[in-house]
Amino acid sequence: MANINSAQAVAQDDLVIPLIDFDQFLSGDPAAKKAAAEAVLDGFQNAGFIYLKNHGISPATVSNAFSHSATFFARPQEQKDAMAWYSAAANRGYVAQGREKLVPLDETGTEEEMRKSVPDLKESLEIGRDDEPEMPNKWPSGDQAATDFKKDMLGFFQTCKTLHMQVMRAIALGMGIEESWFDGFTDAGDNTLRLLHYPGVAKSVFKRTDGQLQVRAGEHSDYGSITLLFQDKRGGLQVRSPKGTFVNATPIEGTIVVNAGDLLAQWSNDTIKSTKHRVVEPPAQIEDDGSESYPPRYSIAYFCNPNYDRMIQAIPGTYEESGRKYKDVLSGEYITGRLTATY
C-alpha cells in the first residue's frame, strides 16, 4: 500500500497523481475549500487522475458493494447470460468475458480485430438510472440475495451520483466560475455503475507467444466527464505517464481514484487531460503446488456523464473567442457513439 499521508499518491516518470483530502472541500472553511478545489483541478489538468480520501462514502458502504458484486459474479453463467447487455443507447446489463474490447481512441476501426486477438479478461454488469422504462436495468431475481442486490446497488448509484456532483463543483470552483455551474449538467444522473470481475487465471495466460500483450483491460481513455474507481487490494491499474510508460496506480485503502474522461477534456478545451490507462497482470500468488496464479480482482467504476440532453460547449474561461477546438456535441449522442464502437 502507498502511504496515505503522502500528498502524492503516485510520482514516477513525470506522472504526479495527488492524494487530496476531499473533506477540506466538503466541510472546510472557505480558504480550505478553495485550496482543495484548486488541487482537484490541478490534478486533472496535469495528470488527468487524482486520489480522494475522506470523500464521504463510508468504508462499510464500499465493502457492502464489493460483497454484492462478488456474490453476483458467482451466480451460474446462464443466470448472468439471461441479463445480457442489449444496446449502446441503454448501456445496461451483463457483459460476458471477451464481449468488450477497450482500445485507444486513435485506433478505432481495428476494434474487432483486436478483440479477437487479445480479448480482455473481465466480465461486468452495467447499471444505469432506474427510472427509464424503455431502457430497463437487468437484475437477478428469484432469491433474497437478488432483492438485496437491487436495493443496495440503487442506493450505491445515488451515493456515487452525489459525489459526482461534488467533484464537478470542486472543478468549477477551481476554475473560478460559479460553484453550481455544472449542477444542471449532473442532476439527471445519466451515469453508469459498472461492477467488474477479473477472474483468477494461471500465470501462463499472460505469457503469449504471438508478441501481443495480454491484459485484463486494454489501454483506453474513458468517455464521459469523470470516473469514480473503487479498487480492491490486488492492483493492476496502470496510468500512462508523459514519458509514454505505464505507471502503477497502487491501491490506497479508503481512497477513490478519480479520472477525467474524453468528454470533459473536450468540454474544457483540452485544459483538462483524459489520460489513457489499462489493467495488467498484478503480482502473482504462489499456489501449494509451486505454480503461480493471479487471484480474482474486483473493482467498481462509476462512469459520470453530463445529462444526455445537454449540449456540450466549451466551459467559460477555457478559450479565447477564436480558440475553441471542438464543435458543440450532444452529450447522449457522444457517449452512445463511443459505446457503439466498443461493443
Side-chain angles (χ1 to χ4, degrees), residues 7-11 14-20 22 25 33-52 55 104-106 160 163-186 190-192 219-229 237 239-244 247 249 255-278 301-307 310-320 323-331 334-335 338:
Q8 296 177 348
V10 175
D14 296 336
L15 177 71
V16 178
I17 303 178
L19 173 60
I20 298 168
F22 201 54
F25 177 79
K33 183 174 184 175
K34 177 69 170 175
E38 291 174 346
V40 167
L41 179 62
D42 184 71
F44 286 141
Q45 289 177 331
N46 290 290
F49 274 76
I50 61 176
Y51 282 59
L52 295 183
H55 41 70
L105 181 60
D106 55 13
C160 291
L163 182 56
H164 168 213
M165 297 184 74
Q166 291 163 337
V167 173
M168 297 306 294
R169 288 171 181 169
I171 292 172
L173 186 60
M175 285 182 162
I177 59 179
E178 175 60 42
E179 183 180 332
S180 61
W181 194 87
F182 290 108
D183 285 5
F185 292 90
T186 59
D190 284 324
N191 307 322
T192 299
E219 175 189 349
H220 65 285
S221 54
D222 291 347
Y223 307 155
S225 51
I226 62 172
T227 301
L228 311 179
L229 177 65
L237 175 65
V239 179
R240 194 162 79 174
S241 75
K243 293 184 176 181
V247 176
T255 67
I256 302 172
V257 176
V258 188
N259 63 282
D262 294 336
L263 192 52
L264 181 56
Q266 182 170 323
W267 206 356
S268 72
N269 212 43
D270 285 339
T271 59
I272 285 174
K273 292 182 178 179
S274 177
T275 305
K276 290 175 181 174
H277 48 285
R278 66 187 186 186
Y302 188 77
F303 296 101
C304 306
N305 307 305
N307 297 351
R310 293 301 303 266
M311 191 66 68
I312 302 304
Q313 303 170 316
I315 299 166
T318 62
Y319 64 95
E320 302 293 336
R324 289 176 54 179
K325 292 184 177 182
Y326 301 98
K327 294 180 180 179
D328 299 347
V329 61
L330 191 65
S331 171
Y334 178 88
I335 298 298
R338 292 294 301 277

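Distance OH/Y51 to CD1/I256: 12.5 Å, rounded to 0.5 Å. The distance from the CD1 atom of I17 to the OG atom of S241 is 10.0 Å, given to the nearest 0.5 Å. Atom CG in L52 sits 8.5 Å away from atom OG1 in T255 (nearest 0.5 Å). Distance check: R324 CZ to Q313 CD gives 5.5 Å after rounding to the nearest 0.5 Å. Taking NZ of K243 as the reference point, atom CG of D14 lies at 4.5 Å (rounded to 0.5 Å). To the nearest 0.5 Å, atoms CD1 (I171) and CH2 (W267) are separated by 9.0 Å.
For D183, the side-chain hydrogen bond (donor to acceptor under 3.5 Å, both in side chains) criterion is met by R169, not counting sequence neighbours. With sequence neighbours left out, the side chain to side chain contact (heavy atoms under 4.5 Å, CB included) criterion links T275 to F49, V239, K273.
Relative orientation of the F182 and F185 rings is perpendicular, given thresholds of 30° and 60° on the angle between their planes.
A 4.5 Å side-chain heavy-atom check between W181 and I315 finds at least one atom pair inside the cut-off. At a threshold of 4.5 Å between non-hydrogen side-chain atoms, the residues S221 and R240 do not count as touching. Counting only heavy atoms from C-beta outward, the side chains of L163 and L228 approach each other to under 4.5 Å. Inter-residue side-chain proximity for I226 and Y302 is flagged as unmet; no heavy-atom pair is nearer than 4.5 Å.
Of the listed residues (I312, V329, T186, L264), just one forms a side chain to side chain contact (heavy atoms under 4.5 Å, CB included) with P306, and that residue is I312. If you run side chain to side chain contact (heavy atoms under 4.5 Å, CB included) between L263 and each of S331, C304, S225, only S331 comes through.
Side chain of N269 to backbone of K325: a donor-acceptor contact under 3.5 angstrom is found.
Nearest heavy-atom pair across G43 and P18 is CA-CG, 3.9 Å. Shown here for I177 and P316, the closest heavy-atom pair between the two residues is CG2-O, 4.0 Å. The heavy-atom pair separating A260 from S274 by the smallest distance is O-OG, 3.4 Å. Nearest heavy-atom pair, I20 versus A36, reported as atom, atom and distance to 0.1 Å: CG2-O, 4.5 Å. Closest approach of Q266 and Y326 over heavy atoms only: CG-CG, 3.2 Å.
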Would you check, one step at a time, whether the test side-chain contact (heavy atoms from CB on, under 4.5 Å) holds for F25 with L173? CA-CA 10 Å; F25 177 79; L173 186 60; 3.9 Å; yes
Between H277 and H220, is a side-chain contact (heavy atoms from CB on, under 4.5 Å) present by the stated rule, with each step listed? CA-CA 6 Å; H277 48 285; H220 65 285; 3.3 Å; yes
Go through the steps to decide whether V16 and V10 satisfy the test side-chain contact (heavy atoms from CB on, under 4.5 Å), and finish with yes or no. CA-CA 5 Å; V16 178; V10 175; over 6 Å; no
List the steps and the verdict of side-chain contact (heavy atoms from CB on, under 4.5 Å) for D270 and T318. CA-CA 8 Å; D270 285 339; T318 62; over 6 Å; no
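Neither side chain, Y334 nor N305, offers a donor N or O lying under 3.5 Å from an acceptor on the other.
Listed by first then second residue, pairs satisfying side chain to side chain donor-acceptor pair (under 3.5 Å) with a partner in residues 33-45 read K33-E179, D42-N46, not counting sequence neighbours.
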